[in-house]
Protein chains: 2
Amino acid sequence: MAAPRKAKSTDNATRRRLIEATARVMRDEGYAAATSRRVAAEAGVKQALVYYYFPTMDDLFVEVLRAGADVALHRMRAALTDDDPLQVLWAINSDARVTSLNTEFMALANHRKAIRTELKTYAERVRDIETAAVTVALRARGVDLEEYPPVAISMLIAQTARSLCNEDTVGVTHGHAELRALIERQLHRLADPTPRS
Amino acid sequence: MAAPRKAKSTDNATRRRLIEATARVMRDEGYAAATSRRVAAEAGVKQALVYYYFPTMDDLFVEVLRAGADVALHRMRAALTDDDPLQVLWAINSDARVTSLNTEFMALANHRKAIRTELKTYAERVRDIETAAVTVALRARGVDLEEYPPVAISMLIAQTARSLCNEDTVGVTHGHAELRALIERQLHRLADPTPRS
DNA sequence: GTCTATAATTAGATAGAC
DNA sequence: GTCTATCTAATTATAGAC
């Protein structure tokens, strides 16, 4: 295997540019704006070429979803060996580029079966790896895993970060400082295992 | 004022049916499916009539948003005098009919200025009234409002409930039982003011 | 107030030249 | 592989009859 590049001809530069362009349009203008003509223009090609790489627009959307989920999975796996997986989990889900796309796919999944199925599959894979990372972190800190189930802590951190991000996007920021501070205090409580009623 | 009904001729039955029909379509099939023809059919009228009541589709969307926000505000105001505002806050945001619409508007707001502006306005009004209700509840229970700022507790409860609902909609349920149990335990901790480090 | 009819625009998708 | 050109269908919005 002298040439790991170009292993698959389908892994083309144009194909990749179309996926990235679609993600960009979805983030900036919403999924409804991600038409074949719009994403083709964004990628610098003509509209018909979209259908050379993707049979339907839904197929393109699914590929965008997979690419995004793969990046998230990769980052979380790296976090497994990190000093502080909880902080990594918070940071990943505080990335507006990630959460904006997530919101669009959540809405898209509401009325497209193909995307709902794919979203479910990847959401559960991401949750599993996140839970594994949080389990490592909590166990290392001597936290009672019965009272603070890693899967619940993982969801709480991820969803709170995402919610703050989503609100920022539409310009709602009231209460954000207080919630961030509260979360940080609670994370430190977990890190410093003393109390519990 | 013998006839409080029909005070405004714009408060028509047809107009109201159009707003309700639009909300229904948005919930069930997403905002992209809420076309003038689709909502007209759902309301049992012809397409062109939509434009008699609403200048543009965006105007219709804004009215749907207002109607939904008014209901939420009304429920939360009632909760101010309730036994347990925290439970009411959780219950309201666990209603799939509310949270599905909310997700759609969040996505819509991403690329329509008129809706983003309106969403921001109502989100902040809802947050204020929710915070007031939570303040009442926490104070009555002797909770330290510095360590647990009502606005933060309010956001945490509302956003966690909404997140669980949204995931249910797309079929993701893993970890839900654990997170619900954790939230309930924490709510009881707040209700029974003993520990804190 | 509700309708029919239609204009103007835009979408997804395909055929075929190069 | 990328293009031009085009088809079909659906959309928003308007004009005008009743």
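Protein chains get the first letters and strands the later ones, always in sequence-line order, with residue 1 at the start of each. Note that these values count all heavy atoms, side chains included, but never hydrogens, waters or copies made by symmetry. It should be emphasised that the depicted structure is a prediction, and the values quoted were computed from it without experimental measurement.
Within the 3.5 Å criterion, the main-chain N or O of A:Arg97 finds a donor-acceptor partner in the side chain of A:Asp95.
Across all strands shown, B:Val50 has no heavy atoms under 4.0 Å from either base or sugar-phosphate atoms.
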Requested in this report: Summarise protein proximity over nucleotides 11-18 of chain C in one line of letters, 5' to 3': B for base, S for sugar-phosphate only, - for none, counting protein heavy atoms closer than 4.0 Å.
Outcome: BBBB----

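Between the CG atom of B:Asp59 and the P atom of D:dT14 there is a distance of 11 Å, rounded to whole Å. With rounding to whole Å, B:Leu49 atom CG is found 5 Å from C:dT2 atom P. A straight line from CZ of B:Phe54 to P of C:dT2 spans 12 Å, rounded to a whole angstrom.
When the side-chain nitrogen and oxygen atoms of A:Tyr52 are compared with OP1 and OP2 of D:dT2, none of them lie within a distance under 4.0 Å. OP1 or OP2 of D:dT2 sits under 4.0 Å from a side-chain N or O of A:Thr14.
Of the N and O atoms on the side chains of A:Asn166 and A:Thr169, not one donor lies less than 3.5 Å from an acceptor on the other residue. Under 3.5 Å, the side chains of B:Asn110 and A:Glu104 contain a donor-acceptor pair of N or O atoms.
Among residues two or more places apart in sequence or in another chain, the salt bridge (Lys or Arg N to Asp or Glu O under 4.0 Å) test is passed with B:Arg185 by none.
Pairs of residues two or more places apart, or lying in two chains, that qualify as ring pair (Phe, Tyr, Trp, His ring centres under 6.0 Å) and include a residue from residues 104-138 of chain A are A:Tyr31-A:His111.
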Query - salt bridge (charged side-chain N to carboxylate O under 4.0 Å, His left out) assessment of B:Arg66 paired with B:Glu63 - result: CA-CA 5 Å; B:Arg66 284 184 179 157; B:Glu63 290 306 310; 3.1 Å; yes

